[in-house]
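A short write-up of the structure that comes next.
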Number of protein chains: 2
Amino acid sequence: MGKCEQCIIKQFNSLKSLTTDELMRISKCKTSRIIKKGEVIFEEGESINGVYCVKDGICKLSKLSENGKDQIVKMVVKGQLLGQRSLINGESSNLQATALNDMEVCFIPRSEIIKDLQSNPKFSFDVLQDMAKDLKEADDVIVNMAQKSVRQRLAESLIYIHDTFGTNPDGTLSILLSREDFANIVGTATESAIRVLSQFKKDGLITTIGKQIKIENIEGLRRVE
Amino acid sequence: MGKCEQCIIKQFNSLKSLTTDELMRISKCKTSRIIKKGEVIFEEGESINGVYCVKDGICKLSKLSENGKDQIVKMVVKGQLLGQRSLINGESSNLQATALNDMEVCFIPRSEIIKDLQSNPKFSFDVLQDMAKDLKEADDVIVNMAQKSVRQRLAESLIYIHDTFGTNPDGTLSILLSREDFANIVGTATESAIRVLSQFKKDGLITTIGKQIKIENIEGLRRVE
DNA sequence: CGGGCCTTTGATTCGCCTCAACGGAGGTGG
DNA sequence: CCACCTCCGTTGAGGCGAATCAAAGGCCCG
């Protein structure tokens, strides 16, 4: 098993603010885990009792609504922490986490990391900044959901995914999402999302290579009304 | 001017975790301010450079969308802190704060409070818990916006306001909001909100006393589909 | 080759937005 | 004191966008 103090992935998240001593202690009690595409990491209402450091792969955080649809609230990629919120308030998760591709994660038990949170101000300040960023993004999502059309939201989601998670060498989006996933991000019916996507294709804004989507005209997407 | 270390309002927010010494230091540099109903406390894009402690009154946090409507994201009442997020990331505000009634606030400059955030782990942990709660609520709002009808969202908003902010002695909601405010919380047109409210009235779920709203049948509201 | 699953397209229905007109409350000036 | 204005609340009619229901075409896999 790898050692946290030597792990490069921590450079991308708040764990970088821990001291070598703290990292060594965490390294001793962490567990590593491989998660297959489609597997549920934790469910809504489940007690997580720790935090996951994502070493590789991508997952979606979603919440089931009463009508049976599952709204994607956020995506967590390689380098980020998963389960921060539950770690802090000690409550069970209000979201479900599902792997979008094969993942490798390290699990750090709550009891260990909470010590550092309460004793290392630099670390907790870093976590604070993470959460502040999440909160700001969540506010933006709320406004978009409330005020924009499905067409606009889908265009913005494509741009967001493009800018945040990048592209493969052939220009396709690096994250492979089903049409249903797109619908669940935008908060619409699958058929509606499909319709809008095929309209984008007709308009030359995107092309598809198999199931992959490639953005051809990002400026055009930005101008979508 | 009052002294922070003797102020009772701090019991309701993270400032309670500061030591007497820290409070005395803050007390010296804080400024008190009266804000009239309708007045804008800070605008979107404005640098706040500090945090407000709300001693009395209520305000709304909203964000202007491109179509000119202003989406209410959160309400902040007596006892809570205002501007936490900007305080932490040091960025300008992404929201506008507007007083819903006459308010009394204390402003604490960023330079002072940030010291405590970085040196007092109990304090920063408290702030973390606040933000975790905000984030959870924001996630719920996202799901509601995406998946529920205007009718359901309005019913839930009424329940939320009732449960969170309480009622006056006559049973009316303690916060007086215009129909437009309700529309801006739910993310709909003013006329739509009005229509739904009058339907609720017909169904005996609410009554109105002047501009005040009184919930008559909260269980009925919960069952709204 | 057949059976799923995902994707696509069509047709219909329904919710909500928009525009428009009207009534009442409160404030202002003659 | 009344006429006027403006803001807010209310109601109606029309139209658009999205949900829903239904069905057909590709693709993977046994």
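Remember, predicted model here, so these are calculated numbers, not experimental data.
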Per-pair distances, 0.1 Å, donor-acceptor, side chain in residues 73-83 of chain A, under 3.5 Å, sequence neighbours excluded:
| residue | atom | partner | partner atom | Å |
| --- | --- | --- | --- | --- |
| K74(A) | NZ | D134(A) | OD1 | 3.3 |
| Q80(A) | OE1 | V77(A) | N | 3.0 |

Heteroatom pairs (N/O) under 3.5 angstrom, protein to nucleotides 6-13 of chain D:
| residue | atom | partner | partner atom | Å |
| --- | --- | --- | --- | --- |
| dG9(D) | OP2 | R179(B) | N | 3.4 |
| dT10(D) | OP2 | R179(B) | NH1 | 3.1 |
| dG12(D) | N7 | R195(B) | NH1 | 3.0 |
| dG12(D) | O6 | R195(B) | NH2 | 2.9 |

Contacts of type salt bridge (charged side-chain N to carboxylate O under 4.0 Å, His left out), residue [X], not counting sequence neighbours:
X	value
E91(B)	K136(A)
K60(B)	D181(B)
E219(A)	R222(A)
D126(A)	K16(A)

Requested in this report: Output all residues satisfying side chain to side chain donor-acceptor pair (under 3.5 Å) with E137(B), sequence neighbours left out; order by chain, then residue number.
Outcome: Y160(B)
**Report entry** Any residue of residues 143-162 of chain A with a heavy atom less than 4.0 Å from an atom of DNA chain C
**Finding:** none
Query raised in the report: Should the heavy atoms of other residues, nucleotides or ligands under 6.0 Å from CD of E225(A) be counted, would the total exceed 12?
Result: no
When the side chains of residues 203-213 of chain B are checked against the rest of the protein, which donor-acceptor pairs come out under 3.5 Å, sequence neighbours left out?
| residue | atom | partner | partner atom | Å |
| --- | --- | --- | --- | --- |
| D203(B) | OD1 | Q199(B) | NE2 | 3.2 |
| T207(B) | OG1 | E216(B) | OE2 | 2.7 |
| T208(B) | OG1 | K201(B) | NZ | 3.0 |

Query raised in the report: How would you list all residue pairs meeting side chain to side chain donor-acceptor pair (under 3.5 Å) that involve residues 39-49 of chain B, not counting sequence neighbours?
Result: none
Query - Residue pairs involving residues 166-179 of chain A (criterion salt bridge (Lys or Arg N to Asp or Glu O under 4.0 Å); sequence neighbours excluded) - result: none
Requested in this report: Give the first and the last nucleotide of DNA chain C, reading 5' to 3', that has any atom under 4.0 Å from a heavy atom of chain B.
Outcome: dC16(C) to dC19(C)
